[in-house]
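All remarks here apply to the structure that follows.
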There are 2 protein chains.
Amino acid sequence: MRILLIEDDTVLGAAVRDQIAADGQSVDWVTRLDVAGDSVRTTAFDLILLDLMLPDGRGIGFLKELRARGDVTPVIILTALDQVSDRIEGLNAGADDYLVKPFDLAELSARIGSVARRYSGNPNPLVSHGALQIDLAARSIHRDGKLVPLTAREWALFEAFLARPGQLLSKAQLEEKLYAFDAEVESNTIEVHVSRLRKKLGSAVIETERGMGYRLGKP
Amino acid sequence: MRILLIEDDTVLGAAVRDQIAADGQSVDWVTRLDVAGDSVRTTAFDLILLDLMLPDGRGIGFLKELRARGDVTPVIILTALDQVSDRIEGLNAGADDYLVKPFDLAELSARIGSVARRYSGNPNPLVSHGALQIDLAARSIHRDGKLVPLTAREWALFEAFLARPGQLLSKAQLEEKLYAFDAEVESNTIEVHVSRLRKKLGSAVIETERGMGYRLGKP
DNA sequence: CAGTCCCCTTCAGGCTGCTGTCAGCTTAAT
DNA sequence: ATTAAGCTGACAGCAGCCTGAAGGGGACTG
């Protein structure tokens, strides 16, 4: 597991680094937020330990920025005792846990293990298709890392395409998928939903075969 | 949990008592050390909140005496003396934690929970989700540091979401979780419980996917 | 055993926003 | 150029969802 330690206190920093190393994890230790910013952009860490009082700014801002970019790397805040509001603010800003200085190194290990375990839970299998990442179990689609919410009908339609990638599907077939036998649709409903899907997922995702039907485009 | 509050300041004492009561704990409030001495001899408390400056002596002495008798009830010191020497003396005398006046009541709740946890065996791992801090083992949730009591059904429901954060869960799936196979629910029970959860935990916690189900919102 | 309290379920009314429909426009094929 | 086929903005209706209120029932107390 790769851990980023952001801490300007050299004594505490060294102690934490050694403790983590003793646990068999690898540590990158930086003492400034700007350096940390570079690190998280170039390396995918599994966990970030963040001190709140640093020479070049407050850690809260760093954390908020991180989350604003959509980064969900777990963060444990290390904070001194008298920063009550900071701690609450930290958790609200998206921290996963906090430790109050001075903390026990064994407790640090425990917290790291806890967070790691929480996040190593088997994630759902992801299907990639071009810029789209599809989590079938969660029914979520990310486009360029951003969540794209689909409505029920849109999902049903998109699922039909995903089930037969590259295969031509006539409107009649699609209607059959979307509407249990009995229901009747007498208009261009499929066209409308395809249009809505393309607007959300990108126009290249579904291709039109004039007179024949639709098919899922190549990634 | 039974808590003994030893504090001679009537304003602060009342505030602390109310806060603890709001957290669902029971409080005994005394203003003198001799009364406190009687209390600890007749009642088994789970936690003692101890002011250091009292009309009939210093709290440190009381604490030392307590420990000398082999009493290991956790003690949190409340002190206006923001002095390192006092803190150290308090901790050396056997205190488990301390709060410097004026302190945040939410912080007090958190500390109480923390101490309680420490003495209930290992510290339980805390899961943070936005403004929520969730103790899965203790089945307790703190929102902005304040305890939010959940009923059995509410917890079962919330747990289902926590198990698969971000994943879409249909009402059918949730019903399966809440009601062992046999039971039948023929109404909008899930909706009602979701509604109650949102009222307690914040409306953004659970998101509705119309026609498909619910999912745990992003922190 | 009566009394009390609180949780759970059910129901009903109100609201939201998805969905199907249509009209007018664009594109492709002949 | 003509025509068929597909695209898309707009909109009304309604299914699905939310929530306050009420009643039943279980657990606890005196």
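Every chain is numbered from 1 and lettered A, B, ... according to where its sequence line falls, protein lines coming before strand lines.
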Open item on the list: Is the phosphate of C/dT19 approached by A/Tyr179 (side-chain N or O, under 4.0 Å from OP1 or OP2)?
Closed with: no
- [ ] Would you tell me if any nitrogen or oxygen in the side chain of A/Thr189 comes within less than 4.0 Å of OP1 or OP2 on C/dG20?
- [x] no
- [ ] Say whether A/Arg198 and A/Thr208, considering side chains only, have a donor N or O and an acceptor N or O under 3.5 Å apart.
- [x] yes
- [ ] Could you state the atom-to-atom distance from CD of B/Glu154 to P of C/dC6 in whole Å?
- [x] 14 Å
TODO: Using atom CZ of B/Arg153 as one end and atom P of C/dC6 as the other, report the distance to the nearest whole Å.
DONE: 19 Å
Open item on the list: Is any side-chain heavy atom of B/Val40 closer than 4.5 Å to one of B/Leu4?
Closed with: yes
Task: Any side-chain donor near an acceptor of the partner, B/Trp155 and B/Glu159, under 3.5 Å - done: yes
Open item on the list: Distance check needed: C/dC8 P versus B/Glu175 CD, whole Å only.
Closed with: 15 Å
Open item on the list: Determine whether a donor-acceptor pair (N or O, by modelled atom type, separation under 3.5 Å) exists between the side chain of B/Asp51 and the backbone of B/Ile6.
Closed with: no
Open item on the list: Please report the interatomic distance CZ(A/Arg153) to OG1(A/Thr189), rounded to the nearest 0.5 Å.
Closed with: 9.0 Å
Task: Gap between atoms CG and P, on A/Leu178 and C/dT21 respectively (whole Å) - done: 13 Å
Open item on the list: Across nucleotides 1-8 of chain D, 5' to 3', mark each nucleotide with B, S or - according to how protein heavy atoms within less than 4.0 Å reach it.
Closed with: ---BBSBB
Open item on the list: salt bridge (charged side-chain N to carboxylate O under 4.0 Å, His left out) for B/Asp28 and B/Arg2? Distances and angles first, verdict last.
Closed with: CA-CA 8 Å; B/Asp28 287 13; B/Arg2 190 115 193 222; 3.3 Å; yes
Open item on the list: Tell me the interatomic distance from B/Arg215, atom CZ, to D/dC17, atom P, rounded to whole angstroms.
Closed with: 14 Å
